[in-house]
Structures are given as C-alpha cells and as structure tokens.
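Reviewing the structure listed below.
A, B, ... follow the sequence lines: proteins, then strands. Residue 1 opens every chain.
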There are 2 protein chains.
Amino acid sequence: MTTINSEQPFNREVQYAAKRRAVIRSAAGAFRRRGYHNTSMVQIAKSLGLSKAALYYYVKSKEEILFECHVMMYDAMDTAVLSVRCKGDNGLEKLKRLYGAFAALMTRDGLALLADIDSLKGDFQLAVLARRGKIERAVNRIVERGMKDGSIKKADPRITVFFFMGALNWLNVWYEPDGRMSGEKITEMFVEQMSEGIAS
Amino acid sequence: MTTINSEQPFNREVQYAAKRRAVIRSAAGAFRRRGYHNTSMVQIAKSLGLSKAALYYYVKSKEEILFECHVMMYDAMDTAVLSVRCKGDNGLEKLKRLYGAFAALMTRDGLALLADIDSLKGDFQLAVLARRGKIERAVNRIVERGMKDGSIKKADPRITVFFFMGALNWLNVWYEPDGRMSGEKITEMFVEQMSEGIAS
DNA sequence: AAGTATTTCGACCCTAAAGTCAATTAAAGA
DNA sequence: TCTTTAATTGACTTTAGGGTCGAAATACTT
C-alpha cells in the first residue's frame, strides 16, 4: 500500500490534484479574457490538449470550475490579508501593501477577480458571496483603522473601498500580460494612484 | 397620407420607436443586474407584459438588443463629452464635470456601461469597440490637457483613466437604485474621490 | 508479460433558450 | 360596420453547448 511513492511528489493523488489545478487555471484565464459564457468546455479542453470528456474526469461541472476560480482568487486574497495584518504599520501603509498584493495577483499570478457571480447557483453563489464579504470587511477594517489613526482621510469607507476595488476589478478586463507596460509597473502605479486618492 | 396625425406624437412610427426603446431600456436593466447570458428573452418579454414572439417585432435578435444598449450608453456619453468641451475650465474642472455626468447616467438615468463586449460578434463588436475607443480618447485628451495646464498631476494618462473609469464601471455591479445611499450622493462622492486622486 | 487501475476519447443524449411562423386579436380609417 | 393594417401570440423548429457512457488507450505493479 503505502509505498515510498506516496511520499514523493509524483504519486497519483498529487498528479491528479496538479492536473485539476491546471484545468482551473487555464479556464480562469479563458474566463477572464472572453467571459464565462463565451468560453465552452471544448475550448477549455482543447487549450489543454484534452477532449471535453477528459475534463469531466477532473471536474464535476462547468459551474464547479467557475466556483473554483473564485475560490482560488479568494484564497490568495485571504493570504494577502493575513500577511499584511501582522506588521505594525498605520492603516494607509497596510492598505498600500494589500492593494499592491491584490494587483500583483492579477498582473503576476494570472488570477482573476471574476465579476460573474450570477452564473453561480445556490450554495456555490452563497459561498462566493460569503468570501467576497469577508474580504470586503477586512479591507474596510483596514481603511477604517487608517481613518482613525489619521493616515487616511475621513470619508465613507464603503464608497472608498468600492472605488479603488472597482479600479482593480477593471484591470481584469483590459490588462494583457503581453502588453507594452509590465505588470510590476502597472501594480506600482495603481498603488500610487489609490494612495494619492485617499491619503490625508 | 400625411394626415394631421403624423404631426402628433402618437402616430405609428413614433409609438413603434418608443416601444422599441422601452424594450432596450428594460433589457439594459436586466443585463446590468443579472448579466446578458443570465437574462432570457422570455424574461425580458414578461417584464414588459409581452410574449417572446412580440419582442421580435421590435428587434431582430438578442444580440441586437445588447448592441443597442451599448449604443444608448455611448450616445449619452458622447453628449456628456460635448457638453463639457465648450466651457472654458481647466482640465481638472472639465474632467470633474464629465465624470459626474458619467456617474449620473448610471445612478440617475438607469443606463449601464456594460463590459460584456465579447458577447457581440463581428460588426456589432467592431462598432462598439470603436465608440468605446472614441470616448476613451476624449477622456484621455481632457486628462492630458489637465496635465499640461497644471491642474492634474503628471502621470501616465492611460493608466489614470483606466483607474477611475474602472471604478465607474464597477458601479454597475454593486449600485442598486433603492439602496440606502442616494444616486446623487454617490455621484458626488465619486467625483470627489476621483478628483482627490489626480489633482496636483 | 500479464493483470489492474488510471486516464482519455468518440459518439451520443439532453436541455435551455434563441428564433420562426401562421393564425388571431386589437386598432385606425372609411 | 366593414376593411385594412399593426400588434401580438401559442406552438413549433433549431441549435449550441453542457453533460454522460462504455470502450479504448495508457501507465503502473508484480
């Protein structure tokens, strides 16, 4: 049973999981570029050199792929929130680092913050809404903290957050990895722009 | 032929055009709320008290509806650009008024700046891309002008425009006409936020 | 090499929803 | 009231694309 292989990275489960992740990531890119409904399972399959049927060996449904795309992004965002929380900067500094981390997820890691939440039904949608709410609250908390400690100018935190998170979302739509401007540069400029708009 | 009726607003052509516009507007709202692909022709029809077949008396296809939604918005934006151009303010003031006008189109007039451009094929898509480009260039020009006259701080104008236009786009997603905050208030705060981020 | 488990595929099924049409109803004009 | 044209419909056709299945291929184990 438990041979030496199960300790190595190339046992069955690990490979299965890796391929599954590849499916999700590839689909995420296609969804970002063309949208969920304009991307067929056949297209996703072909871009991986597979047939459509093979896809269903790794995934239960197209909706599940979309769900996992969201989960992947929110996992990464949660991590970013965690990594920012501990350090002892003021609100603005925290927010700048967090915002930069978010932007980097898109420009560097190829993740996408998909808006397509209405294409998810029932529990899938509820779960994603819950995670989005969690992130939103975390960002709100940092902004409020910044308003208290005087590093961020006072305003309605919800609108402030909607504003610069909206800008980030739009990045999904127009950003092309091979564009003339590098992801790092864009990230940097976004942080700058956000920060200039809210610093007191 | 040309009876007195054709001078009145209730002749045939005018009514036809009005109903057609009603179809587009109603669909635009549904597209904004649930997305293009999550809205069926039957839903659009029922929300107007019509059958699906009747819809096709006013419209050639679902894609045409989406196209007209875009056109309606870009017409309104073009008008806003025109109305801002003549007056002799500096770049920042022009931009503030334009941005406010854009936001008002969404919060007051129920128009939507739909992102769903990939659901349009061929000439439809080309036409919309052309109009989007035109608006983008107009906004860019104002920003550049503002950077020249010193009212807007120097930076890459393209990124700057993407940034605050993205925020505007995101408004489509979260704004609900019956929400706790009024459209006027939101518009005002958006202008403020944008302006703070770019004024020199 | 044989046997077993995993992975992949071609061909098919099924359904939601776009789109059509002949027939009916409502409205306008005489 | 009769005629003509506009507006609307129920019932139908079509199709894209998600999802299934049993068989074939490939990879692993002994």
Testing D/dA7, D/dG19, C/dG19 for proximity to the side chain of B/Tyr57, the answer is D/dA7
Does anything in residues 33-47 of chain A come within less than 4.0 Å of DNA chain C? Heavy atoms only, and list the residues if so. none
Centroid-centroid under 6.0 Å between A/Tyr57 and A/Tyr16 rings: yes
Would one find a side-chain N or O of B/Lys19 under 4.0 angstrom from OP1 or OP2 of D/dT8? yes
OP1 or OP2 of D/dA7 versus the side-chain N and O atoms of B/Tyr58: is any pair under 4.0 Å? no
Nearest whole angstrom, please: distance from the P of D/dG18 to the CG of A/Leu55. 10 Å
Spacing of A/Asn140 atom CG and A/Phe162 atom CZ [to the nearest 0.5 Å]: 8.0 Å
Taking the side chain as every heavy atom from C-beta outward, state whether A/Ile65 and A/Phe31 have any atom pair closer than 4.5 Å. yes
Distance only, no hydrogens: is a donor on one side chain within 3.5 Å (strictly under) of an acceptor on the other, for B/His37 and A/Ser119? no
Distance in angstrom units between A/Leu66 CG and D/dG18 C1', rounded: 14 Å
Closest of D/dG10, C/dT8, C/dT20 to the B/Tyr56 side chain is C/dT20
Of all the choices, D/dA7, D/dT20, C/dT8, which nucleotide is nearest to the side chain of A/Leu50 once you look at every atom? C/dT8
Whole angstroms only, please: what is the CZ-P distance between A/Arg20 and C/dT7? 14 Å
Taking the side chain of A/Ser61 as heavy atoms from C-beta outward, which of D/dT8, C/dG19, D/dG19 is closest to it? D/dG19
Parallel, tilted or perpendicular, judged at 30° and 60°: which one describes the rings of B/Phe190 and B/Tyr99? parallel
A/Tyr16 atom OH is separated from D/dC28 atom P, nearest whole Å, by 17 Å
What residue among A/Met106, A/Arg25, A/Met77 forms side-chain contact (heavy atoms from CB on, under 4.5 Å) with A/Leu111? A/Arg25
Could you tell me whether B/Lys62 sits above the aromatic face of B/Tyr36, with NZ or CZ closer than 6.0 angstrom to the six-membered ring centre and within 45 degrees of the axis? yes
Between B/Leu48 (CG) and D/dT9 (P), how many Å, whole number? 11 Å
Rounded to whole Å, NZ of A/Lys60 lies from C1' of D/dG18 at a distance of 12 Å
Counting the atoms with a prime plus P, OP1 and OP2 as sugar-phosphate, which does B/Lys52 contact under 4.0 Å by heavy atoms, base, sugar-phosphate, or nothing? base
Rounded to the Å, how far apart are B/Glu63 CD and C/dG19 C1'? 13 Å
